[in-house]
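Reviewing the structure listed below.
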Amino acid sequence: KILVIGACGQIGTELTMKLRELHGNDQVIASDIREGNEELMRSGPFEIIDAMDYDQIENTCLYYEVDEVYLMAAMLSATGEKFPDKAWKLNMNSLFHVLDLAKDGKINKVFWPSSIAVFGPTTPQVDTPQHTIMEPTTVYGISKQTGERWCEYYHSKYGVDVRSIRYPGLISWKTLPGGGTTDYAVEIFHKALEEQSYSCFLSEDTALPMMYMEDAIRATVQIMEAPGEQIKERSSYNLSGMSFTPADIASEIQKHVPEFQMSYAPDSRQQIADSWPSSIDDSTAREDWNWNSTYDLKKTVVEMLEHLR
Ligand code: VAH
């Protein structure tokens, strides 16, 4: 059985539905701090779990005989800067709970999401390599960098089969993101269709690594299905889909919504974005477990507008 913690989040919602499609609805238990959308709640088992509560996680794993956990609960970069202590506690305690369950043999496989937020202003920003300088400047980035170290430690010391991906900014239409710096790339579609205008909280030339959710979900399933010996990086894998600026996505949207007007009003999230890479080298993921991206900006804009119109 599979347990998804944080199943109501931007990734969790679609990941849960994909896992239920692959393994059967009753094989995938969805859980979150609150209930999720109708499709998620109706399609299979659901439990309220606080990701910081070890007993709730352990009891659920024992009751349902869970053997794989996808820990998708976290506080993201922008919100994390407003509540640093909560972000650290949520992001770290939840990881230790799940790694300890695996160490104690109560579950036997873990997926844990990292992020390009582990990189900082001293990291080479173009085609950021798999192994490089990492001095993150957000609590979220620090928690993801530390989490990567602990994943590698639990793998090498206790043989825990934990696998991880450094997601770029994710673009999806099913579930709004919560509190991220890359959320502009989702909000822009809703505003383009509702108001034909959007005031972007990042400057027009802020290039960031991004990915369409279909690619991100496929990558997650792929890394978890790969034979263990192929997963050589047990911290986390760089992953890249595309890289664009707010100006790029605005002009791509204008091809479909000619009256769309974009304006720029950078806020505190600008310095977070400035500390991150503009593009990522994911050749290690391509070599180790045959990753390949399929969505570029053009295809992403068409799909997003189609689903949201
Ligand atoms: C955030 N969407 O903005 C997340 C992600 C790379 C960005 O980690 O915080």
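Every number for a ligand or one of its atoms is a count from 1 in the order of the listing. Along the sequence shown, residues carry numbers from 1.
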Hey, can you pull the donor-acceptor pairs under 3.5 Å for the side chains in residues 74-84, sequence neighbours left out?
| unit_1 | atom_1 | unit_2 | atom_2 | d |
| --- | --- | --- | --- | --- |
| Ser77 | OG | Thr181 | N | 3.3 |
| Ser77 | OG | Thr181 | OG1 | 2.8 |
| Glu81 | OE2 | Val139 | N | 2.8 |

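- Listed by chain and number, Leu76, Ser77, Ser115, Ile116, Tyr140, Tyr167, Pro168, Gly169, Gly180, Thr181, Thr182, Trp276 each place a non-hydrogen atom less than 4.0 angstrom from ligand 1.
- Exactly one of Trp289, Trp291, Trp112 qualifies for a ring pair (Phe, Tyr, Trp, His ring centres under 6.0 Å) with Tyr237. That residue is Trp289.
- In summary, the side chains of Glu47 and Tyr64 do present a donor paired with an acceptor at a separation below 3.5 Å, with no hydrogens or angles considered.
- For the side-chain hydrogen bond (donor to acceptor under 3.5 Å, both in side chains) test, no residue two or more places apart in sequence or in another chain qualifies with Thr128.
- Here the rule is side chain to side chain contact (heavy atoms under 4.5 Å, CB included) with Leu101, and of Val66, Ile107, Val160, Asn108 only Ile107 fits it.
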Show me the donor-acceptor pairs, under 3.5 Å and distance only, between side chains in residues 262-269 and residues at least two apart or in other chains.
| unit_1 | atom_1 | unit_2 | atom_2 | d |
| --- | --- | --- | --- | --- |
| Ser263 | OG | Tyr198 | O | 3.4 |
| Asp267 | OD1 | Arg269 | N | 2.8 |
| Asp267 | OD1 | Arg269 | NE | 3.3 |
| Asp267 | OD2 | Arg269 | NE | 3.1 |
| Asp267 | OD2 | Arg269 | NH2 | 2.7 |

